[in-house]
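Worksheet for the structure shown next.
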Amino acid sequence: MTDANHTGDDAHPIVRVSGLGVELGGATILDDVNLSVDRGSFVGLIGPNGAGKTTLLRALNGALSPSRGTVDVAGERIHALSSKAASRLVATVPQDTTLTFDFDVRQAVRMGRTPHRSRFGGWREEDERAVERALDRTQTAGFADRSVGDLSGGERQRVLIARALAQETPVLLLDEPTASLDINHQVRTLELVRELVSSGKTAVAAIHDLNLAAHYCDELVLLSAGTVVATGPPEAVLTEETLEGAFGANAVVARHPVTGSVYVTALPERSTADGDSQGRVHVVGGGGTAARHLYLLSAAGYEVSVGALNEGDTDTETARSLGLDAVTVDPFSAVDDEAEAAVESRVADADCVVVADVEVGAGNLANLRAAANADHVVLVEERPFAARNYAGAAGERLYERLRERGVAVSPSDVLAAVSDRVGRRASGPRDSDPDDSDSRDSRPESLPSE
Amino acid sequence: MTVRTRALAWSGGLSVLLVAVVLASAGVGPVAIPPVTVTKAVLGDLLPSTGFAVPKTHRVIVVSVRLPRILLAALVGFALATAGVVMQGFFRNPMADPSIIGVSSGAAVGAVATIVLPFALPFGLELQGAAFASALVTAFAVYLLATRDGQTPTATLLLAGVAVQTFLGAVISFMLLHSGQSLRRVVYWLMGHLSGATWHEVAVAASLLPPLFVVLLVYTDDMNVLLLGESDAHSLGIEVERTKRILLAVSSVVTAAAVAVSGVIGFVGLVVPHAMRLVVGPDHRVLLPTSALAGASFLVATDTLARSGATEIPVGIVTAAIGAPFFLYLLRTREVHGL
């Protein structure tokens, strides 16, 4: 599908940028950018706002003239070419288009043939075929006669891609192709680009969503302050150090449990250092029952500890990815004395203990034992305790003790209950909270109504 | 239906309309002449061999008095609507009209100066020549003011045009203050008029306009792509700056020619392209020829009204008085996107 005239030697990268510097209005936007893009690969440009992603794309398609360095596409120096010749090598999908006056979809896609037409030549059969192919490929043929102004954001994005496909260029540039789309269309758009790449195109896209970029791109180029900070496969580029350096963000990088791609989670600024912590919370969970609470509590600014958990447990992974303090024991082993002591000390420090809707057996009974010493307990009840108690009477006794000290809530009310408990602790003496019994009385109201 | 067929069909229909309007207009005046007689007089003059019998007075009225004015109105309307289409597309701004980069103000300065100044202009410039020359000088000055490093951003061009128009407005007002006896003539010129048209003016305009119009027709595809914005247009292979220069230069000459012979006739260049866009859509390959022909018919019709009353009024008043309500009607009855 790529233009045979421009395929050149496959051993050479199709896009080669060397020593590129771009200045706009006296300000240096790009400085000494070096980059090479292999034929048939999908490269994602990532980086914070203002890093120069869009500027680099505009230098790649020849719209901006570099003040230093060169850009070669398919062996041609792009800035030495006429705009027409350049747009037969590189097609650009803009972030959004400003169609002031209304054209229908087919007319808009036909404009993609502009670089292939001569001023006095008519509309040829091959132009029509290219347009039809582009409409089919992007599944826009179904609304080819509708006005571009009447389309949704996702549809309009596909029309813009169709227009770029009608240009029949070996290289496709996309500027934030997912920026204004809902999640479904983000995925659809990038799947489409992926398909185009596997059929021979080379794609370079500025993508602000790191996780989408990691999942769909073969290689990432991390730009920061106008230079390339890191380049390579996603797992090499997306590391906590590079992200900290480029974005100044406190982020955690892990493997996504479902897709297996590198997955970045940005964390709220740590506030313990300046004493702004909302309070300490210890969470007892396991088997994924605590993950959601860990995330929410951490995002709400609590200093969260969790445990004891088995290594390899989903909750352990979550705690790690959130950078939380986790007490762990080996996979498939019971909570030993050492771990129990560690949990006890965290419970003692905590302003509130949250017990997730976890299954309780002999192996993790120690967690409940430790939690029972807490002053304030929030019990998350999705299922009745009896249905998840495998520790017999000992489990029931402990849980009863927890209930006396705390409040049982449905999963969606955890944050509110915790903030309620912690707030009271801060304002009242810790041992004589008169409201405890009241909360217990009101317990049934906060349970799921079924 | 292909674009070409659509353009031809619309243009054919509008050409017929234009001929009809011209013939009807030639019959209107202090001496009413039936359309058949008008047609015979015109054909008889063009092809003496047909030998139609038409009273000599009627022939003189039609051919020597009314036709030059009517044809000049057609040419001016054609020119203003053409320039309006190009400017609106070029600036991607619905409020753009042919005078937006100062062409009309420039022409007005030249014209008013020849009327007011107590001495003759150098180079033997007559009023129309002076208006034409100062219009082009103004347009070029605005272009230079808005250009830096070979780039002419349309927003800068628009603002430079507004600033220069305002400045020239001050110059014109100052000259008006000192115009004394000739005030009436100046005001009349400024309001836009077609009276006193001669075959000579018609001939000059008719030889100037068609080649320029053909250049613009060749660029209609580029104008469509320019509607997408300059960076999109560039990525689709348009040499943006060069195309902008050509469009700007040609439409400035077209406007200057119209303004020089007719004064400042507002609204034709603004309303006719919009009205036609609502009817035929935004594709310049159809929009440009249809707007030009509709502009011609529109100005002939309005000028006929302007001269058919007891006392003649400047046609600029009529175009605005009729054009604005008609445009508002279209605006309210049609679904308008992103106008």
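Note that the structure is a prediction, hence the values are computed from the model and not measured. Naming: A, B, ... by sequence-line order, numbering from 1 per chain.
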Pick one of side chain, backbone, both or neither for A:Ala63, based on which atoms fall under 4.5 Å of a heavy atom in chain B.
both
The side-chain contact (heavy atoms from CB on, under 4.5 Å) partner of A:Met111 among B:Leu227, B:Asp221, B:Leu228, B:Asp232 is B:Leu228
All heavy atoms of B:Glu239 vs all of A:Lys84, minimum pair found to be OE2-N, 4.2 Å
Supply the atom-to-atom distance B:Ser231 OG to A:Leu64 CG, rounded to the nearest 0.5 angstrom.
9.5 Å
Below 4.5 Å from any heavy atom of chain B, which atoms of A:Arg113 appear? Answer side chain, backbone, both or neither.
neither
Engaged part of A:Val90 at the chain B interface, taking heavy atoms whose separation is under 4.5 Å:
backbone
Looking at chain B, which one of A:Val93, A:Thr114, A:Asn61 has the largest number of heavy-atom pairs inside 4.5 Å, strictly under?
A:Thr114
Output yes when a side-chain donor or acceptor of A:Gln167 lies under 3.5 Å from a complementary backbone atom of B:Gly237, and no otherwise.
no
Measure from the side-chain N and O atoms of A:Thr92 to the backbone N and O of B:Ser235, and report whether any donor-acceptor pair falls under 3.5 Å.
no
Supply the atom-to-atom distance A:Ser82 OG to B:Arg242 CZ, rounded to the nearest 0.5 angstrom.
8.5 Å
If you count every heavy atom of other residues, nucleotides or ligands that lies below 6.0 Å from B:Arg4 atom CZ, does the total exceed 12?
no
Is there a side-chain contact between B:Leu236 and A:Arg163, using heavy atoms and a 4.5 Å cut-off?
yes
Kindly check if the number of other-residue, nucleotide or ligand heavy atoms within 6.0 Å of CZ (A:Phe143) is above 12?
yes
Give the minimum heavy-atom separation between A:Phe103 and B:Asp283, together with the two atoms involved.
CE2-CA, 3.9 Å
Interatomic distance, B:His234 atom NE2 to A:Ser87 atom OG [nearest 0.5 angstrom]:
7.5 Å
